[in-house]
Amino acid sequence: MTTFADLGIDQDIVDAIAAKGIIDAFPIQEQTIPLGLPGQDIIGQAKTGTGKTFGFGVPVVQRLGKDPEHGVKALIVVPTRELAVQVYEDIDLLTSNRSTSVVAIYGGKAYEGQIDQLKAGAQIVVGTPGRLIDLAGQRLLDLSNATEVVLDEADKMLDLGFLADIEKIFQKVPAVRHTQLFSATMPGPIVALARRFMSNPIHIRANDPDEGLTQANIKHLVYRAHSLDKDEVIARILQAEGRGKTVIFTRTKRAAQRLVDELGDRGFNVGGVHGDMGQEQRERSMAAFKAGKRDVLVATDVAARGIDVDDVTHVINHTIPDEDKTYLHRAGRTGRAGKTGIAVTFVDWEDLHKWALINRALEFGQPEPVETYSSSPHLFEDLNIPAGTKGRLTTAPKTQSVKMQRAPRPERAADAAAEQGSGDGTTRRRRRRRGGSGDKVGSTFTEGTTANESASSDAAPTVERDAEGAGTHDGKGGEHHDGKSAPQRRRRRRRSGGAAPAGA
DNA sequence: AAAAAAG
């Protein structure tokens, strides 16, 4: 096994990586770092969760050297704000033993802090296109010395929605530069297009050609959702034995928010990430999920790419994605860094053709989704969901989830009081459910975080939830992205029987 | 057509 120390990397960077307990290099790192260090242009392709960020990050940091000269010399462009935060943190780690300064530049946040860091002489910029172009246009970001340029999730960055912005950005950086493009997916036409921005790039595919396109560590289960109560089945999957964290993907922002509310009402410890949420809340939600304070995240495709969270054991596609690439990236939120994971996909009647496409493109060899969960018990067997109720499912939340509910948000308590006249309507219902099969379930995750939690007593989760829930920071309503109060939303949902919004 | 990305 090749280690980072074997790859010609400066000792202080090797030490910085080792401080996180990482010694061995993944194949993509082993192959791209020795080429990136001397400045070779690279198109780097490797499966999800196999270390691409260090693959481009180590050469960027090392090539800047320890030159104390201020000013932006490296630019890393990513497609989402949360990914900007994450890549910023990874690069910041690599620079922890040298003076190189890194800044994250992305929208939805106050300009001030970002501008201050630029003025203070930040040398590496990680950012999303809109804010980068915005600040460059205001002459607050000077890219004319950025001789290191990286597009992370490069195929996405060169996709129609981003291409015009990326072209603008390439006009602002030096013509003579070191350019690296990385992604798990690099369709031929995109590679051809990418060459316009590179000089004599070498295309590295760290994938074993025999392995196919998908991560071998991920098990894919696909079910027909025809006449299926998906909320109910998803609730049941969340009770799978040995479940760690779970990411649930929806097609629309509205569907994501609805599911957050629904699973929250059922007592699960759930948060969301989607574009209708305020940026502060998006980040708080991601951080809570990464830290293990929550174990369910409902997201749109904003979280499909790049997001790296430890111990995600399940990905659930509430709605099947349109593209095979998106499927692969979504599923790739689990099975990272050599761990195993399960991807469960529900295929609605009108989406059968999408599965046909994905199945063909990714060579699954399963032309039809499994009939439905009821006519095929595989789902529960494959997922280690304790045997029990057939037909209508119970939705006993996991022990951990109930624990998190023990200090209800003020908003929720007020809600219940308003509806019941006494304060404990919802809570009592949840308590009754707790006695069932839930206790045994999810012990792996439960133990880790319970210990954590009792150490910090009730304070941490409560403060966290309060801050997110009540929207006290900006007065703009926090999680009530649609401008409705929680009681309003809940009533509306009840009337519609919990079904998906009509327009979705 | 949706989601993302500037405000």
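Keep in mind that what you see is a predicted model, and the values were worked out from it rather than measured. A, B, ... follow the sequence lines: proteins, then strands. Residue 1 opens every chain.
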Legend entry - Touch class at under 4.0 angstrom, heavy-atom based, for A:R282 against every strand present: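 The answer is sugar-phosphate, as A:R282 gets under 4.0 Å only of primed atoms, P, OP1 or OP2.
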Inset, instruction - Mind checking A:G161 for me? I need base, sugar-phosphate or nothing, with any heavy atom below 4.0 Å counting as a touch. - result: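 Here A:G161 touches the bases of the nucleic acid.
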What is the distance, to the nearest angstrom, from the [atom1] atom on [X] to the [atom2] atom on [N]?
{"X": "A:I166", "N": "B:dA6", "atom1": "CD1", "atom2": "P", "result": "11 Å"}
{"X": "A:I320", "N": "B:dA2", "atom1": "CD1", "atom2": "P", "result": "18 Å"}
{"X": "A:D301", "N": "B:dA1", "atom1": "CG", "atom2": "C1'", "result": "13 Å"}
{"X": "A:F249", "N": "B:dA3", "atom1": "CZ", "atom2": "P", "result": "14 Å"}
{"X": "A:D351", "N": "B:dA2", "atom1": "CG", "atom2": "C1'", "result": "13 Å"}
{"X": "A:D276", "N": "B:dA3", "atom1": "CG", "atom2": "C1'", "result": "10 Å"}
{"X": "A:E323", "N": "B:dA3", "atom1": "CD", "atom2": "C1'", "result": "11 Å"}
{"X": "A:H274", "N": "B:dA3", "atom1": "NE2", "atom2": "C1'", "result": "12 Å"}

Counting only side-chain heavy atoms from C-beta out, which of [options] sits nearest to [X]?
{"X": "A:T300", "options": "B:dA6, B:dA2, B:dA4", "answer": "B:dA4"}
{"X": "A:Y111", "options": "B:dA3, B:dA6, B:dA5", "answer": "B:dA6"}
{"X": "A:D322", "options": "B:dA3, B:dA1, B:dA5", "answer": "B:dA1"}
{"X": "A:F162", "options": "B:dA5, B:dA6, B:dA3", "answer": "B:dA5"}

Legend entry - Close side-chain approach of A:Y106 and A:Q279, heavy atoms under 4.5 Å: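 Yes, side chains in contact.
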Can a salt bridge be assigned to the pair [X] and [Y] using a cut-off of 4.0 Å between side-chain N and carboxylate O?
{"X": "A:E153", "Y": "A:K325", "value": "no"}
{"X": "A:D301", "Y": "A:R251", "value": "no"}
{"X": "A:E232", "Y": "A:R266", "value": "yes"}

Legend entry - N/O (side chain, A:K156) to phosphate O (OP1/OP2, B:dA3) under 4.0 Å: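 A:K156 to B:dA3 OP1/OP2: no side-chain N or O under 4.0 Å.
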Legend entry - Phosphate OP1/OP2 of B:dA2: any A:R254 side-chain N/O under 4.0 Å: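 A:R254 to B:dA2 OP1/OP2: no side-chain N or O under 4.0 Å.
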Inset, instruction - Measure up the A:Y223 and A:F346 rings against each other and bin them: parallel (under 30°), tilted (30 to 60°), perpendicular (over 60°). - result: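 It falls in the tilted class, 30° to 60°.
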Inset, instruction - Check the angle between the aromatic planes of A:F197 and A:F170 and answer parallel, tilted or perpendicular using the 30° and 60° thresholds. - result: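 Parallel: the ring planes of A:F197 and A:F170 meet at under 30°.
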Inset, instruction - Mind running a 4.0 Å heavy-atom check of residues 328-335 of chain A against DNA chain B and sending the residues that fall below it, in number order? - result: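 Within residues 328-335 of chain A, no residue comes under 4.0 Å of DNA chain B.
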Legend entry - A:K290 versus A:Q86, side-chain donor and acceptor atoms under 3.5 Å: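 Per modelled atom types, A:Q86 and A:K290 side chains form a pair under 3.5 Å.
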